[in-house]
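Down below is the structure, laid out as structure tokens.
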2 protein chains.
Amino acid sequence: MLEKITKRTKQSINREELESRILRCAELVFAEKGYNGSSMEAIAAAASISKQNLIYYFANKELLYQRVLKEMLDIWIEKLSFLETQGDTPEAVIRRYVREKMQLSRLYPNGSKVFAHEIISGAPVLKEYLISHLKPQFDRDVELVKSWINKGLIEEIDPEHLFFTIWAATQTYADFSVQMEVLLGKHRLEEADFERAELAVTDFVVRALGAKKIIKNNFRLIFFFAIWFGVCFLYGLNVQKNATFHHLNLLVNFLLN
Amino acid sequence: MLEKITKRTKQSINREELESRILRCAELVFAEKGYNGSSMEAIAAAASISKQNLIYYFANKELLYQRVLKEMLDIWIEKLSFLETQGDTPEAVIRRYVREKMQLSRLYPNGSKVFAHEIISGAPVLKEYLISHLKPQFDRDVELVKSWINKGLIEEIDPEHLFFTIWAATQTYADFSVQMEVLLGKHRLEEADFERAELAVTDFVVRALGAKKIIKNNFRLIFFFAIWFGVCFLYGLNVQKNATFHHLNLLVNFLLN
DNA sequence: AAACAACTTGTCTTTCTGGTCAGCAATAAG
DNA sequence: CTTATTGCTGACCAGAAAGACAAGTTGTTT
């Protein structure tokens with residue numbers, strides 16, 4: 001297919017700028033009012049242009065809506081793949097994943113909301129796209145998690161539902177921000193809130209995965225055995241029998257602290 | 001205030017029946033199309049009555065919407081309070097809480113969706129209600145979780161964000177069911193899926209809380225000390241020194257298994 | 001400068017939808 | 001059986017919104 005060479009004239013630059021401004025404003029309006037509640041008039045007003053001009057750029061509402069949705073999903077799919085992280089530990093991969101997803105909630109709250117509206121409504125527009133683009137990636141990522149489980153790197157966890165939970169827990173900071181504002185008694189969620197949230201959710205997930213725990217427990221195991229061997233060795237060789245319980249008590253007190 | 005005695009005539013029974021049928025149908029339509037996308041005509045059709053008749057029962061759309069929302073939230077608030085569970089362990093309380101919330105997603109998927117639409121849109125109708133009814137309960141529950149942390153019953157976790165995560169992880173099974181259907185390659189989420197989900201989410205949360213871990217670790221600790229004492233006791237008394245390492249090896253193999 | 005393309009706006013039509021109103025039908029009360 | 005109340009329907013209306021059309025304006029190319 002021949003790609004038309006787009007000269008960067010004053011017009012074409014303006015066009016691009018205006019298009020992206022329209023998309024951002026449309027995103028905002030769709031997020032707040034849903035597809036049906038958003039009039040072209042309102043979107044145009046948000047972008048400070050006339051309705052007719054808006055229609056000139058996006059022939060109809062459906063098309064505009066699709067563009068907004070697709071932009072969001074492209075970003076999501078692009079940013080959220082396990083694939084390129086084969087070398088890292090599960091914990092590192094998961095931490096990165098959760099962080100990225102939180103960033104999306106923070107940076108594109110409106111896109112997230114439009115996406116949420118769409119899915120809740122039964123994904124009339126997005127269904128095909130989900131099947132063709134999201135599912136393959138999902139299947140791959142699930143396989144990877146399964147392999148982690150088989151290798152004993154993480155706890156036995158339901159891989160599919162792990163993803164559902166991560167998505168939900170992160171997405172909620174975009175979609176349900178109003179609820180949180182009310183419950184936290186704030187006018188708006190701020191940077192600090194998002195940072196706390198990110199920390200809470202990542203820790204939450206990592207702890208649930210048990211990735212960290214295994215290491216901790218291994219440490220404890222090794223620690224115990226080391227002392228045990230030491231003690232047994234000593235007693236097996238040349239310490240008087242009567243001292244046994246005294247040393248034992250010291251040790252027990254130390255461990256229980 | 002005088003309460004009017006409602007005689008249970010044929011008419012009043014019909015009225016109640018029809019009212020609740022309308023509410024259920026409205027819930028369904030609102031869930032799928034959002035407030036603005038749902039016409040009174042469509043709701044009436046779903047309930048198999050005429051539009052005028054619908055308006056006879058619910059004078060206008062706004063009112064109908066509020067009723068649907070309020071019914072859902074009342075159920076939610078009623079079912080989800082920590083208060084009456086003071087005696088139980090944190091793990092028991094949390095398990096019950098998550099299970100109840102999952103039940104809501106399973107039993108009232110449409111109500112959940114309407115609620116989600118509403119919150120995502122900025123809670124124009126519900127905001128006051130959230131402040132007056134949900135926040136006080138939230139604050140109480142947060143305090144309880146904090147007290148658990150202070151007592152060392154659970155890991156140090158961000159209480160507010162714990163709730164946000166639980167809500168998100170459970171609510172998602174109502175709101176994003178379509179996405180899950182696509183990704184799991186199913187036509188509909190079935191009982192079995194919900195059971196798996198409930199198990200996954202509860203385990204997930206409990207593990208993240210660390211409530212279970214403490215118990216498990218205590219077990220392990222007791223187990224170790226019991227064996228240790230036994231072994232030391234035996235060696236301290238009447239077993240030959242040479243047998244030490246043999247028995248030790250047996251034990252180590254058993255523990256590491 | 002002229003011709004052409006890109007952009008912008010005002011006007012109009014059509015469709016949809018929330019809601020009114022007057023009147024008919026079914027049921028309950030006297 | 002009659003009357004009053006409650007339940008239901010058809011005809012209608014006003015306003016909102018999508019978007020078609022034509023006319024005018026600005027920018028680009030030759």
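All of these numbers come straight from a predicted model, not from anything done at the bench. In what follows, chains carry the letters A, B, and so on, assigned in the order in which the sequence lines appear, proteins first and then strands, with residues in each chain numbered from 1.
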Going by the rule salt bridge (Lys or Arg N to Asp or Glu O under 4.0 Å), which residues pair with [X] if we only count those two or more places apart in sequence or in a different chain?
X: A/Glu41; answer: none
X: B/Glu19; answer: B/Arg15
X: A/Lys186; answer: A/Asp193

Problem - Residue pairs involving residues 157-166 of chain A (criterion side-chain hydrogen bond (donor to acceptor under 3.5 Å, both in side chains); sequence neighbours excluded) - result: A/Asp158-B/Arg196, A/Glu160-B/Arg196, A/His161-B/Tyr173
Practice task
May I have the distance from A/Leu18 (atom CG) to C/dC7 (atom C1'), rounded to whole angstrom?
Solution key: 10 Å
Exercise for the section: Using whole Å, report how far CD1 of B/Ile55 lies from P of D/dA11. Expected result: 16 Å
Practice task
Check DNA chain D against residues 22-53 of chain B and give the residues with a non-hydrogen atom under 4.0 Å, in numerical order.
Solution key: B/Ser50, B/Gln52, B/Asn53
Practice task
Enumerate the residue pairs fulfilling salt bridge (charged side-chain N to carboxylate O under 4.0 Å, His left out) with a member in residues 100-127 of chain A, sequence neighbours excluded, ordered by first and then second residue.
Solution key: A/Arg96-A/Glu100, A/Arg106-A/Glu191, A/Arg106-A/Glu198
Exercise for the section: List in chain and number order the residues that pass side chain to side chain donor-acceptor pair (under 3.5 Å) with B/Arg67, two or more places apart in sequence or in another chain; answer none if no residue qualifies. Expected result: none
Exercise for the section: Output all residues satisfying side chain to side chain donor-acceptor pair (under 3.5 Å) with B/Asn36, sequence neighbours left out; order by chain, then residue number. Expected result: none
Practice task
Determine whether the side chains of A/Tyr65 and A/Asn60 contain a donor N or O and an acceptor N or O closer than 3.5 Å.
Solution key: no
Exercise for the section: Give a yes/no on whether any side-chain N or O of B/Arg15 is located under 4.0 angstrom from OP1 or OP2 of D/dT6. Expected result: no
Handout entry: Short side-chain N/O contact to C/dT8 OP1/OP2 from A/Tyr56, under 4.0 Å
Key = no
Exercise for the section: With a 4.0 Å heavy-atom cut-off, tell me which residues in residues 57-68 of chain B come close to DNA chain C, sorted by residue number. Expected result: B/Asn60, B/Lys61
